J.: 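Take this structure, written in C-alpha cells, and hold onto it; I'll ask about it next.
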Amino acid sequence: MSVALDLRLKRANKVYHEGEVLAGVVVITSKEAVQHQGISLTMEGLVNLQLSSKSVGVFEAFYNSVKPIQLISSNIEVAKPGKVPGGKTEIPFEFPLQAKGNKMLYETYHGVFVNIQYTLRSDMRRPLLAKDLSKTCEFMLHCQPQKSKVQPTPVDFTITPETLQNVKERSSLPKFLIRGHLDATNCVITQPLTGELVVESSEVAIKSIELQLVRVETCGCAEGYARDATEIQNIQIAEGDVCHGLPIPIYMVFPRLFTCPTLETTNFKVEFEVNVVIVLHDDHLITENFPLKLCRV
C-alpha cells in the first residue's frame with residue numbers, strides 16, 4: 001500500500017519575513033484508508049557553525065561555541081492518532097515566525113563555515129510494521145528591509161606596480177597602469193555591483209580580467225576567532241589583451257542564498273568582498289580587494 005506525504009506552502013517563492021505567518025497544507029495521498037499514530041509538524045531555524053580544518057586544534061576551547069544556534073523552533077500536532085481516508089487529504093497549518101526569547105531571525109544564508117537554514121518537517125507515525133513517513137522542505141527568510149536610504153559610496157582605484165603589496169622584487173615587475181571605479185561599496189543586495197575599468201597601459205599582454213566575489217566567514221568566541229575567506233563566484237569581464245584606454249564595464253549580480261546582508265553577531269560574522277583580478281600572460285595575478293557592505297532596502 002503506497003502512501004505519499006507532502007508539504008505545500010501557500011507562497012510559491014517560499015520567502016517570508018519575521019512576524020509573518022507561515023501557512024500551507026500537509027497533503028496525504030493514498031489509494032485506501034491509512035491507519036496512523038499521529039501526524040506532527042516541526043519548524044526549525046538553525047545556525048550551523050563549522051570549523052575549517054586549519055583552525056581545528058588551535059581552538060579546542062572552541063567546541064563549546066560551535067554547537068548549532070537555535071533561532072526558532074515549534075512543534076504542533078496536526079492530526080491525532082486515527083485513520084486517513086483513501087484519496088487525497090489536505091490538512092492546513094499555520095506557524096507564526098517569531099524568534100525564541102531575545103534572539104533575532106537572521107536571513108537564510110548557505111555558506112561554507114556558516115549556514116543559516118529554516119526548515120519545516122512533517123512526520124507521520126505508523127503502526128508496528130509500517131514505515132514512518134517524513135517530508136522536509138526549506139523556506140527562505142529575508143530580514144526586514146532597513147528604513148534609511150543607502151548612500152552610494154563610489155570608490156576610485158588605480159593599480160600600478162607601486163600600489164601593489166606583498167611583492168618580493170618590485171624592480172622585476174612589468175610597468176602597467178589600470179584605473180577604474182566601483183559605483184558603490186555599500187550595495188543593495190537585490191541590485192548589481194557596477195563600475196568600470198580602463199587599462200591605460202601595460203608592458204606585458206593581459207590574458208584575462210575577472211571579478212571575484214568572496215565571502216569572509218568568522219566563527220568564534222572569547223577564546224579566539226577563525227576567519228576564512230572563500231570564493232562564491234568568479235566572472236570574467238575581459239578576455240585577452242584588451243584595447244588600452246577602452247572602458248570595460250563591471251557588472252555582477254549577487255547570487256541568492258549564497259549572499260545575505262552583512263551580518264555581525266557575538267558568535268559569528270558574515271562579510272563580503274570583491275576582488276578585481278588581472279591575469280597577465282605569464283600567469284602572474286594582480287588583485288585589488290574591496291570590502292563590501294550588503295544590505296536590503
Side-chain angles (χ1 to χ4, degrees), residues 14-18 42-74 97-121 136-146 165-166 185-190 193 211-234 252 254-275 277 287 289-296:
K14 298 187 180 177
V15 174
Y16 293 85
H17 297 88
E18 184 168 358
T42 311
M43 174 182 63
E44 201 169 37
L46 287 179
V47 181
N48 282 305
L49 303 178
Q50 229 178 341
L51 286 182
S52 70
S53 52
K54 66 174 197 214
S55 330
V56 176
V58 186
F59 295 124
E60 264 89 12
F62 229 133
Y63 285 110
N64 56 12
S65 78
V66 186
K67 294 195 292 282
I69 303 164
Q70 198 171 54
L71 303 174
I72 188 170
S73 171
S74 53
L97 290 172
Q98 292 295 348
K100 295 174 70 169
N102 57 358
K103 288 208 171 73
M104 242 178 86
L105 291 186
Y106 306 124
E107 183 153 329
T108 299
Y109 166 71
H110 291 214
V112 178
F113 304 107
V114 178
N115 246 321
I116 305 170
Q117 208 170 7
Y118 296 88
T119 52
L120 189 61
R121 194 181 83 236
T136 307
C137 82
E138 183 182 358
F139 61 95
M140 271 43 103
L141 203 97
H142 281 179
C143 59
Q144 294 294 355
Q146 59 181 53
Q165 292 167 349
N166 65 25
T185 53
N186 47 0
C187 308
V188 178
I189 199 163
T190 49
L193 170 77
L211 272 186
Q212 184 186 40
L213 183 62
V214 173
R215 54 169 99 79
V216 183
E217 297 165 326
T218 312
C219 308
C221 57
E223 284 86 5
Y225 283 88
R227 185 176 185 275
D228 291 281
T230 46
E231 179 187 292
I232 299 176
Q233 64 180 12
N234 195 331
M252 179 186 272
F254 296 110
R256 188 177 159 186
L257 291 180
F258 301 109
T259 54
C260 68
T262 303
L263 184 58
E264 190 165 337
T265 72
T266 45
N267 286 53
F268 64 94
K269 275 199 303 204
V270 180
E271 297 159 304
F272 297 94
E273 294 175 351
V274 69
N275 291 329
V277 183
T287 306
N289 175 276
F290 304 94
L292 299 178
K293 187 175 190 312
L294 300 187
C295 57
R296 202 174 274 288

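Since the structure is predicted, the reported quantities are computational estimates derived from the model, not experimental observations. Quick note: residue numbers are just sequence positions, from 1. What's counted below: heavy atoms across the whole structure, side chains too, no hydrogens, waters or symmetry copies.
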J.: Residues in side chain to side chain donor-acceptor pair (under 3.5 Å) with T42, at least two apart?
T.: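 With neighbours one apart ignored, the set is N75.
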
J.: Within the 4.5 Å heavy-atom criterion, are L105 and I72 side-chain neighbours or not?
T.: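 Yes, side chains in contact.
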
J.: Nearest 0.5 angstrom please: C295 SG to I189 CD1, how far?
T.: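 Spacing of SG (C295) from CD1 (I189) equals 8.5 Å.
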
J.: If we only count heavy atoms from C-beta on, is the N267 to I69 side-chain gap below 4.5 Å?
T.: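 With C-beta onward as the side chain, the pair touches.
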
J.: Quick one: CG on N115 to CD on Q50, what's the gap to the nearest 0.5 Å?
T.: 8.0 Å

J.: I want to check something: taking the side chain as every heavy atom from C-beta on, are F254 and L213 in contact at a cut-off of under 4.5 Å?
T.: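 The answer is yes, as the side chains (C-beta and beyond) meet within the 4.5 Å cut-off.
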
J.: Counting distance only, does the side-chain N/O of E217 pair as donor-acceptor with the main-chain N or O of K269 below 3.5 Å?
T.: no

J.: To the nearest 0.5 Å, how far apart are SG in C260 and CZ in R296?
T.: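 Going from the SG atom of C260 to the CZ atom of R296 covers 9.0 Å.
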
J.: Would you check if E264 and V270 make a side-chain contact, meaning some heavy-atom pair closer than 4.5 Å?
T.: no

J.: Under a plain distance cut-off of 3.5 Å, with no hydrogens placed, do T230 and R215 share a side-chain donor-acceptor pair?
T.: yes

J.: Donor-acceptor pair, T108 side chain versus L141 backbone, under 3.5 Å?
T.: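 Between the backbone of L141 and the side chain of T108 there is a qualifying donor-acceptor contact (under 3.5 Å).
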
J.: Let me confirm one number: the CG-CD1 distance from N48 to I116, rounded to the nearest 0.5 Å.
T.: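 These two atoms lie 10.0 Å from each other.
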
J.: Test of understanding: with ring-ring contact (aromatic ring centres under 6.0 Å, His included), list the residues that count as partners of F290, not counting sequence neighbours.
T.: F157

J.: For E18, is there any backbone N or O sitting under 3.5 Å from a side-chain donor or acceptor partner on Q144?
T.: yes

J.: Report yes if some heavy atom in the side chain of E44 is under 4.5 Å from a heavy atom in the side chain of Q70; otherwise report no.
T.: yes

J.: Evaluate the side-chain proximity of L193 to V274: yes if any heavy-atom separation is below 4.5 Å, no if none is.
T.: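 In short, these two side chains touch, coming nearer than 4.5 Å.
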
J.: Has T119 got a side-chain atom pairing as donor or acceptor with E138's backbone, closer than 3.5 angstrom?
T.: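 Absent.
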
J.: With rounding to the nearest 0.5 Å, note down the distance linking OG1 in T259 to CZ in R256.
T.: 10.5 Å

J.: Would you say E273 and N289 are linked by a side-chain donor-acceptor pair, where the criterion is simply a distance under 3.5 Å?
T.: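 Indeed, the side chains of N289 and E273 share at least one donor-acceptor pair under 3.5 Å.
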
J.: Would you check if the distance from the ring center of Y106 to the ring center of F268 is below 6.0 Å?
T.: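 When the ring centroids of Y106 and F268 are compared, they turn out to be within the sub-6.0 Å range.
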
J.: For side-chain contact (heavy atoms from CB on, under 4.5 Å), just list the numbers for H17 and L97, CA-CA rounded to whole Å, side-chain angles, deciding distance to a tenth of an Å, and then say yes or no.
T.: CA-CA 8 Å; H17 297 88; L97 290 172; over 6 Å; no

J.: Show your reasoning for whether side-chain contact (heavy atoms from CB on, under 4.5 Å) applies to D228 and V112.
T.: CA-CA 9 Å; D228 291 281; V112 178; over 6 Å; no

J.: Could you tell me the separation between the SG atom of C187 and the CG atom of L294, rounded to the nearest 0.5 Å?
T.: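 With rounding to 0.5 Å, SG (C187) is 6.0 Å from CG (L294).
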
J.: Would you check if M43 and Y118 make a side-chain contact, meaning some heavy-atom pair closer than 4.5 Å?
T.: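 They are not in side-chain contact.
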
J.: Does a side-chain heavy-atom distance below 4.5 Å link F272 with I232?
T.: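 They are in contact (side-chain heavy atoms under 4.5 Å apart), so the answer is yes.
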
J.: Is there a donor-acceptor pair under 3.5 Å between the side chain of E107 and the backbone N or O of C143?
T.: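 The answer is yes, because a donor-acceptor pair under 3.5 Å joins these two groups.
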
